[in-house]
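These values consider heavy atoms only, across backbone and side chains, with no hydrogens, waters or symmetry-generated copies.
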There are 2 protein chains.
Amino acid sequence: MNDERPTVPDTDPLTWGTPEGRHMIRLLWDPPAPAGRGPKQKLTLDQVIEAGMAVAAADGVDKLSMRNVAAQLGVGAMSLYTYVPGRDELFELMVDRAWAARNLPDQSLPWRDQVELHAREAWAMYQAYPWLIRANLWRMPLGPNVMDAQEDLYRAVMLTGLPYEEVARVAGLVESHVFGVARSLITDTSMSSSTGVTADEYWDSRSSFWGTYYSPERFPTMTAIWESGAFERSAGDEIEFGLARLLDGVELLIEKLADG
Amino acid sequence: MNDERPTVPDTDPLTWGTPEGRHMIRLLWDPPAPAGRGPKQKLTLDQVIEAGMAVAAADGVDKLSMRNVAAQLGVGAMSLYTYVPGRDELFELMVDRAWAARNLPDQSLPWRDQVELHAREAWAMYQAYPWLIRANLWRMPLGPNVMDAQEDLYRAVMLTGLPYEEVARVAGLVESHVFGVARSLITDTSMSSSTGVTADEYWDSRSSFWGTYYSPERFPTMTAIWESGAFERSAGDEIEFGLARLLDGVELLIEKLADG
DNA sequence: GGGAACTCAGTACGACGTACGGAAAAGGGA
DNA sequence: TCCCTTTTCCGTACGTCGTACTGAGTTCCC
């Protein structure tokens with residue numbers, strides 16, 4: 001994640017950026033009240049976002065189309081454009097909404113406990129909203145829920161006493177780890193959104209590989225690991241293992257800096 | 001990544017799985033020679049894969065359509081289907097091809113050096129083929145290049161003497177780390193494939209955020225980190241930092257197991 | 001009461017993956 | 001040599017997508 005703040009002009013903030021950008025920021029932070037003029041709105045922004053999340057949860061993120069979300073709400077597809085600028089922007093709002101459910105750790109706890117809680121909350125979020133993984137957002141939305149959680153994670157890591165640049169790196173390390181485990185495990189247990197093919201069906205369809213090109217001589221380590229059953233992993237264990245190694249490494253760094 | 005081998009029947013391997021699955025495995029491992037009958041083929045499978053990689057490199061993975069790849073090759077869109085079963089399968093072949101460029105470490109080196117080289121090679125691969133990140137493959141292809149690199153990484157981690165299940169986890173940890181850094185840094189420096197919007201343009205368009213809803217009181221840590229300049233990160237440093245922490249943690253685990 | 005502002009939604013356009021089917025090219029058997 | 005079978009190439013077409021445009025209908029303000 002890039003949290004750079006670009007240089008901004010010294011004029012009225014309300015004219016910064018583009019109209020589209022300002023609109024999106026406003027939708028994230030301060031959803032505008034319905035206009036006085038015109039007909040009463042049939043829906044609210046929240047309803048649209050929730051319908052989007054419902055579609056993504058039920059049919060996968062690849063079925064998240066304006067037409068499907070509109071159908072879910074019983075309105076015409078084009079009506080959604082009065083609430084939301086477009087499909088990508090709807091998705092951005094959904095992502096920030098997903099982050100809203102994250103609990104923040106008790107600030108009196110030791111830093112390590114706080115960071116671990118952040119990681120577990122992230123993992124819970126990916127479980128609750130698996131479409132966040134397929135999302136592949138090229139950038140986190142600048143929304144209040146995302147930003148509050150990020151700020152709190154940085155705050156917790158700051159308790160280590162590490163210099164700023166390493167604080168940012170440690171936070172990124174934790175996030176990458178949880179995302180990586182979620183990516184490999186959730187996509188295994190849930191369906192491939194695009195094709196509707198389950199993991200089992202996928203492996204079955206390609207099972208000829210094991211009888212033709214796979215050989216224990218070429219892949220001795222994989223064979224040994226597989227035969228030990230170690231590939232049948234449980235998600236929580238994966239998170240905890242990596243987190244433990246990673247934070248052990250961070251503690252070592254703290255000690256080293258304290259000694260030097 | 002899931003490397004489970006499904007239970008397979010005790011019959012002729014050539015009948016395992018589905019015809020589609022067998023076809024794909026064959027394309028990955030043993031591209032069939034052109035048929036004797038019929039007209040000469042205008043292209044080769046390799047040309048199709050390379051054209052796909054060229055399109056993805058030039059215009060982004062979102063522009064990787066059968067029509068675009070065909071245009072690149074000067075043939076009709078439907079002609080590609082004699083070489084490749086479909087778009088997803090073409091992409092799978094492209095991914096395995098990208099992994100082909102990875103160098104494997106000298107097996108006489110200490111395990112840590114070998115694992116570090118694997119990580120750096122992965123990072124180099126993501127730099128060379130940034131579309132691997134936006135790929136969001138729900139599963140690695142069962143191709144020879146992917147599998148050889150994976151096997152070698154497992155072999156290197158095995159030198160730690162850790163039990164099988166932790167070998168698999170450490171390997172996953174390293175991969176997640178490199179992927180995470182690549183995801184956050186490459187998408188920042190290159191264009192957003194789908195929209196053609198650069199990172200700078202994106203931040204500029206949304207710059208009104210900093211003048212309206214952002215406040216140093218609400219985000220004190222981010223503010224401090226940003227003012228220290230620590231968010232201006234360099235990619236290689238990020239990889240090395242995380243790798244160092246992570247492998248320090250692994251070494252600690254090895255020592256602990258040796259003592260216990 | 002009339003005009004301005006707004007909502008809702010149908011139609012349409014250009015992209016996409018790809019099913020289908022036809023024309024043309026090449027080899028093998030007579 | 002001729003024909004038939006196999007295979008390649010690819011135009012057409014269908015159903016999907018995001019969304020621009022347009023217009024009809026609704027509500028508030030002056």
At a heavy-atom distance below 4.0 Å, what parts of residues 65-78 of chain A sit against DNA chain C?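 Listed by number, they are A:Arg67, A:Val75, A:Gly76, A:Met78.
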
Quiz item: Is A:Arg102 salt-bridged to A:Asp152, cutoff N-O under 4.0 Å?
Solution: no

If you apply the rule side chain to side chain contact (heavy atoms under 4.5 Å, CB included), what do you find for B:Leu93 with B:Leu27, and how did you get there? CA-CA 8 Å; B:Leu93 292 162; B:Leu27 285 179; 4.2 Å; yes

Roughly how many Å is it from [atom1] in [X] to [atom2] in [N], rounded to a whole number?
X       : N      : atom1 : atom2 : answer
B:Asp88 : C:dC16 : CG    : C1'   : 12 Å
B:Leu90 : C:dT18 : CG    : P     : 10 Å
A:Arg87 : C:dC16 : CZ    : P     : 16 Å
B:Asp62 : D:dG18 : CG    : P     : 14 Å
B:Arg37 : D:dC3  : CZ    : C1'   : 12 Å

Under a 4.0 Å heavy-atom cutoff, the residues of residues 39-52 of chain B touching DNA chain D are B:Pro39, B:Lys40, B:Gln41, B:Lys42

message = Any donor-acceptor pair under 3.5 Å linking the side-chain atoms of A:Ser207 with those of A:Asp204?
response = no

**Request:** Could you pick out which residue, B:Gly36 or B:Glu89, lies toward the 5' side of DNA chain C when each is mapped onto its nearest nucleotide?
**Result:**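 Looking at the nearest nucleotide for each, B:Glu89 comes out on the 5' side.
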
Does a side-chain N or O of [X] approach OP1 or OP2 of [N] to a distance below 4.0 Å, or not?
X       : N     : result
A:Ser79 : C:dA9 : yes
B:Thr82 : D:dT8 : no
A:Tyr83 : C:dC8 : yes

Against the side chain of A:Tyr81, the closest entry in D:dC29, D:dT19, C:dG17 is D:dT19

Practice task
Please work out whether the ring planes of B:Phe209 and B:Tyr214 are parallel, tilted or perpendicular, with thresholds of 30° and 60°.
Solution key: perpendicular

Not counting sequence neighbours, list each pair that qualifies as a salt bridge (charged side-chain N to carboxylate O under 4.0 Å, His left out) and has a residue in residues 27-46 of chain A.
->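 Of all non-adjacent pairs touching residues 27-46 of chain A, those that pass salt bridge (charged side-chain N to carboxylate O under 4.0 Å, His left out) are A:Arg26-A:Asp30, A:Asp46-A:Arg97.
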
Which of these passes side-chain contact (heavy atoms from CB on, under 4.5 Å) with A:Val48: A:Val75, A:Leu43, A:Thr82?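 For A:Val48, the side-chain contact (heavy atoms from CB on, under 4.5 Å) check succeeds only for A:Leu43.
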
What's the verdict on side chain to side chain contact (heavy atoms under 4.5 Å, CB included) for B:Tyr83 and B:Leu90, showing C-alpha distance, side-chain angles and the deciding distance? CA-CA 9 Å; B:Tyr83 299 92; B:Leu90 168 58; over 6 Å; no

query = So, do A:Phe91 and A:Tyr129 have ring centers that fall under 6.0 Å from each other?
reply =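 They do not qualify: ring centres at least 6.0 Å apart.
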
Let's go through B:Glu201 and A:Thr18 carefully: what are the C-alpha distance in whole Å and the side-chain angles of both, what is the deciding distance for side chain to side chain contact (heavy atoms under 4.5 Å, CB included) to 0.1 Å, and is it a yes or a no? CA-CA 10 Å; B:Glu201 285 166 357; A:Thr18 64; over 6 Å; no

